[in-house]
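Scroll down for the structure; my scribbles are underneath it.
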Amino acid sequence: MALTPELLLELQAVDSDWRLIPCDGRKRPIDPATGQPMDAWGQHTYDVDGITELAGSPYVRAVGLVLGEPSGVIAVDFDGNGSTAKFLEVYGRPWDDLPPTVAWTSGRPNRRQMAYRVPCDLWPFLRGRRYFKAADDRTVLELRGAGHQSIIAGEHPDTNGYEWVQGKSP
């Protein structure tokens with residue numbers, strides 16, 4: 001699956017200040033000219049128009065959202081069975097108490113990520129990643145921020161690709 005015109009059209013609706021990164025079909029940030037994994041990917045981000053210009057690259061198979069201060073976003077990652085129960089255990093309230101927001105899924109059962117904007121003055125108080133495990137030691141819930149990216153569109157290694165939750169683009 002490449003960056004199709006339909007996919008690029010959907011990306012036009014993301015927040016204009018979101019920073020994006022080209023990725024391969026295995027969720028790795030890459031150099032769009034060579035397809036080689038990129039080490040300092042956080043320093044080579046794109047806006048929506050820049051990502052759109054990469055549509056001709058045979059290497060760009062997915063688009064990642066750069067989390068943390070560059071985009072001003074954290075992602076709440078519900079990662080499989082037990083994730084909503086873990087949210088309730090950790091925060092003392094059900095996950096659906098969270099305010100409505102942009103969300104996406106790989107299509108795998110019980111998996112989705114939800115994006116939330118964080119005010120600039122709060123970033124110094126946040127960790128880059130906070131994760132919570134189920135009894136069987138699987139990470140089932142993550143708060144993802146600085147130093148991380150999340151694929152929001154394109155290929156997924158185990159499914160037919162990413163889609164917006166409830167079938168709506170941002």
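These numbers come from the heavy atoms of this one structure, side chains and all, not from hydrogens, waters or symmetry mates. Computed from a predicted structure; not experimentally measured.
- Taking 4.0 Å as the cut-off between side-chain N and carboxylate O, R61 and D24 do not count as a salt-bridged pair.
- Using modelled atom types and a 3.5 Å distance limit, the side chains of T52 and Q12 yield a donor-acceptor pair.
- G35 approaches I30 most closely through the heavy-atom pair O-CG2, 3.6 Å.
- At least one donor-acceptor pair under 3.5 Å links the side chain of K86 to the backbone N or O of K133.
- At least one side-chain heavy atom of P99 sits less than 4.5 Å from a side-chain heavy atom of Y116.
- With a 6.0 Å radius and a threshold of 12 heavy atoms from other residues, nucleotides or ligands, Y91 has its OH atom above the threshold.
- Side-chain contact between V73 and V66 is absent, with no heavy-atom pair separated by less than 4.5 Å.
- With sequence neighbours excluded, the residues satisfying side chain to side chain contact (heavy atoms under 4.5 Å, CB included) with D136 are A134, R138.
- Interatomic distance, CG of L122 versus CZ of F125, reported as 7.0 Å (0.5 Å rounding).
- Of the possible donor and acceptor atoms, one in the side chain of T159 sits under 3.5 Å from a partner among the backbone N and O of S106.
- R19 and P70 make their closest contact through CG-O, 3.3 Å (heavy atoms, listed as atom of the first residue, atom of the second, distance).
- Considering only heavy atoms from C-beta on, M114 comes within 4.5 Å of F78 through its side chain.
- V90 and V76 end up in the same hydrophobic cluster when Ile, Leu, Val, Met, Phe, Trp and Tyr side chains are linked at under 4.5 Å.
- Rounded to the nearest 0.5 angstrom, I21 CD1 and L67 CG are separated by 11.5 Å.
- Counting heavy atoms from C-beta outward, T105 and Y162 have side chains that stay 4.5 Å or more apart.
- Rounding to the nearest 0.5 Å places CG of N110 at 7.0 Å from OG1 of T84.
- Look at R129 and E142 and you find a salt bridge, because one of the NZ, NE, NH1 or NH2 atoms lies within 4.0 Å of a carboxylate O, short of that distance.
- For the pair R112 and W95, the distance from NZ or CZ to the six-membered ring centre is under 6.0 Å and the angle to the ring normal is within 45 degrees.
- Atoms CZ and NE2, from R111 and H156 in turn, are 7.5 Å apart once rounded to the nearest 0.5 Å.
- Atom CH2 in W164 sits 4.0 Å away from atom CD1 in I152 (nearest 0.5 Å).
- Annotation: D39, atom CG; neighbour count of heavy atoms from other residues, nucleotides and ligands within 6.0 Å does not exceed 12.
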Please determine whether side chain to side chain contact (heavy atoms under 4.5 Å, CB included) holds for the pair L98 and F87, giving the CA-CA distance in whole Å, both sets of side-chain angles, and the decisive distance to 0.1 Å. CA-CA 11 Å; L98 288 168; F87 188 91; 3.9 Å; yes
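- The two residues G128 and H148 have their closest heavy-atom pair at O-CD2, 3.2 Å.
- Across P32 and Y59, no two heavy atoms sit closer than the pair O-CD1, 3.4 Å.
- Taking the side chain as every heavy atom from C-beta outward, C23 and I151 approach each other to under 4.5 Å.
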Given side chain to side chain contact (heavy atoms under 4.5 Å, CB included), test W123 with I74 step by step and report yes or no. CA-CA 10 Å; W123 282 108; I74 62 166; 3.4 Å; yes
Applying side chain to side chain contact (heavy atoms under 4.5 Å, CB included) to T45 and L20, what does each step give before you reach the verdict? CA-CA 5 Å; T45 64; L20 305 171; over 6 Å; no
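- At least one side-chain heavy atom of L11 sits under 4.5 Å from a side-chain heavy atom of I51.
- Between L65 atom CG and S71 atom OG the span is 4.5 Å, to the nearest 0.5 Å.
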Go through the steps to decide whether Y46 and V63 satisfy the test side chain to side chain contact (heavy atoms under 4.5 Å, CB included), and finish with yes or no. CA-CA 10 Å; Y46 297 78; V63 175; over 6 Å; no
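- In this structure, S83 and G80 approach most closely via the heavy-atom pair OG-O, 2.9 Å.
- At least one donor-acceptor pair under 3.5 Å links the side chain of Q149 to the backbone N or O of K27.
- Taking the six-membered ring where the residue is Trp, W104 and W18 present perpendicular rings, their angle passing 60° and hence far from 30°.
- For R117 and D15, the salt-bridge test passes: some basic side-chain N is under 4.0 Å from an acidic carboxylate O.
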